[in-house]
Every structure is written in C-alpha cells, then in structure tokens.
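Report on the following structure.
Numbers here simply count residues along the sequence, with the first being 1.
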Amino acid sequence: SECVAAGRDSGPLMTPQQAWKRLLNGGHRHRLVDTHGHAHLERDDDNPMYKIENEHVTTMISLTCAVEPADWQACLDRAAQSPNGMAALGVHPWYLEDLPEDWRERLEVLLQSHNNCFVGEIGLCKMARFVRSYKDGKTAALALQRRVFAEQLQLAAKYKRPVSVHCVSQHGV
C-alpha cells in the first residue's frame with residue numbers, strides 16, 4: 001500500500017525498498033546513519049561499527065548514544081574506536097533521578113570540545129520507571145523531564161548539533 005505525505009503535493013511516499021533502490025542507483029555517494037544505539041554499554045566487543053562496501057554508499061555511521069553523565073566518556077571512547085563511530089551525549093529521560101547539579105555545564109564543555117558530537121539520546125518518556133518512583137511524584141517527574149529535555153535542545157541549537165530523541169507517550173507535549 002502507498003503512504004501519502006500529509007500536506008504535500010509531491011504525491012505518494014516511496015516504500016523503503018524503493019528508497020533503498022534509489023539510493024543505490026542514484027549515482028550519488030551517501031552516508032547512512034544508525035541513529036539509535038548504545039554500543040558503549042554493551043559488554044560484547046564483537047559489535048563492530050558498520051561499513052557498507054558499495055560504489056554508491058560510502059559508509060554507515062554508527063551513533064553511540066549516551067544515557068547519563070556517568071557514561072559520557074565511555075560513549076566518546078567507544079565512538080573513537082572506529083572511523084565510522086560518532087558519539088551522542090546527553091541525558092536519557094530514564095536517568096534523571098540522580099542527575100548531578102552540574103550536568104548542563106559538563107555537557108556544554110564536552111560539546112565545545114567535541115565538534116562532531118550529536119546531542120542524545122534525550123527526550124520524554126511517560127513510561128519511565130523514574131516517573132513512577134520519583135520522590136516528588138509523577139507530575140514533578142514529568143516537569144523535570146521537560147525542563148532537562150528543553151535545556152538539552154537549547155544546547156543542541158546553540159552548537160548546531162543534530163539530536164537523537166527518545167519519546168514514549170509524550171508526542172503531544
């Protein structure tokens with residue numbers, strides 16, 4: 001079945017198979033990006049960064065997303081192990097309960113010193129265990145998520161960085 005883009009006059013969207021065929025046959029070199037991964041948290045070192053050998057596709061970049069300040073350096077180290085690895089630094093909405101007060105300043109320093117970093121994985125998640133167990137209640141937990149998410153988006157905009165967003169049951173927000 002065809003999926004039509006809402007509000008666009010360009011007609012039906014391509015299927016994933018059509019898009020892949022167009023990438024391969026378009027005569028252009030492309031980079032494909034895996035935008036959601038936490039390879040630095042894996043205990044298995046047999047998880048290599050991806051490389052696609054094809055005359056049209058140069059590389060697949062593997063984005064390693066941090067989840068909290070405690071793993072930012074491990075994320076940077078993992079991404080540095082491969083020319084196809086990139087780091088995304090941020091605070092995932094599941095990891096807000098013990099967030100250090102200086103997290104924003106530390107994140108900004110790292111973004112200033114690592115020009116290729118994305119900001120991520122950040123976002124909003126109504127289903128996070130943190131939301132149900134937060135000492136100040138669910139409403140306060142969701143407000144904290146929104147504040148931290150907004151601050152990270154501001155940093156991403158300030159440094160013109162792409163963002164990897166996690167969102168569960170909060171799309172309306």
Side-chain angles (χ1 to χ4, degrees), residues 3 5-7 16 31-50 59-173:
C3 178
R31 289 191 186 265
L32 301 177
V33 180
D34 173 5
T35 61
H36 183 261
H38 304 286
H40 66 292
L41 298 177
E42 309 238 349
R43 304 297 176 245
D44 177 9
D45 284 336
D46 293 332
N47 185 4
M49 300 298 176
Y50 304 103
T59 310
M60 181 167 178
I61 302 298
S62 180
L63 185 63
T64 299
C65 297
V67 295
E68 61 182 328
D71 78 338
W72 289 346
Q73 189 59 52
C75 180
L76 289 166
D77 293 345
R78 177 64 184 212
Q81 290 178 8
S82 168
N84 301 333
M86 293 185 77
L89 304 178
V91 182
H92 191 286
W94 292 1
Y95 296 85
L96 298 177
E97 190 137 20
D98 297 317
L99 192 60
E101 287 187 30
D102 66 342
W103 72 269
R104 189 184 191 286
E105 293 79 18
R106 290 171 48 201
L107 179 57
E108 186 163 15
V109 166
L110 288 171
L111 292 173
Q112 289 170 345
S113 60
H114 297 278
N115 293 330
N116 292 324
C117 278
F118 283 49
V119 175
E121 178 179 356
I122 67 174
L124 303 171
C125 184
K126 197 172 188 177
M127 308 310 289
R129 185 177 324 144
F130 151 77
V131 171
R132 297 186 303 270
S133 65
Y134 192 56
K135 65 185 180 310
D136 296 330
K138 184 176 181 177
T139 301
L142 293 172
L144 176 60
Q145 273 190 5
R146 287 190 296 276
R147 181 180 60 79
V148 171
F149 181 54
E151 289 182 36
Q152 291 177 100
L153 286 175
Q154 289 167 355
L155 284 174
K158 180 177 180 178
Y159 294 101
K160 298 180 170 97
R161 304 300 174 82
V163 177
S164 176
V165 177
H166 172 100
C167 187
V168 175
S169 298
Q170 291 290 292
H171 292 86
V173 173

Which pairs of donor and acceptor atoms, one on a side chain in residues 101-115, lie under 3.5 Å apart (sequence neighbours left out)?
from, atom 1, to, atom 2, distance (Å)
E108, OE2, K158, NZ, 2.7
E108, OE2, Y159, OH, 2.6
Q112, NE2, Y159, OH, 2.7
S113, OG, V109, O, 3.1
S113, OG, L110, O, 3.3

Going by heavy atoms in the side chains, are [X] and [Y] under 4.5 Å from each other?
| X | Y | value |
| --- | --- | --- |
| C65 | L63 | yes |
| E97 | S133 | yes |
| P69 | L99 | yes |
| V163 | F118 | no |
| C117 | L76 | yes |
| V91 | I122 | no |

Residue pair D77 / Q73, side-chain donor-acceptor N/O under 3.5 Å: yes
Considering all heavy atoms, the nearest [X]-[Y] contact:
| X | Y | result |
| --- | --- | --- |
| A66 | C75 | N-SG, 3.7 Å |
| K138 | V131 | CG-CG1, 3.5 Å |
| Y134 | A140 | CE2-CB, 3.9 Å |
| W94 | A128 | CD1-CB, 3.3 Å |
| Q152 | G90 | OE1-CA, 3.2 Å |

Step by step, would you call M86 with N116 a side-chain contact (heavy atoms from CB on, under 4.5 Å)? CA-CA 7 Å; M86 293 185 77; N116 292 324; 4.1 Å; yes
Supply the atom-to-atom distance F130 CZ to D98 CG, rounded to the nearest 0.5 angstrom.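 CG of D98 is found 9.5 Å from CZ of F130.
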Just do the side-chain contact (heavy atoms from CB on, under 4.5 Å) check on L142 and R146 with the steps written out, would you? CA-CA 6 Å; L142 293 172; R146 287 190 296 276; 3.6 Å; yes
Quick check on D136: does its CG atom have over 12 non-hydrogen neighbours (other residues, nucleotides or ligands) under 6.0 Å away? yes
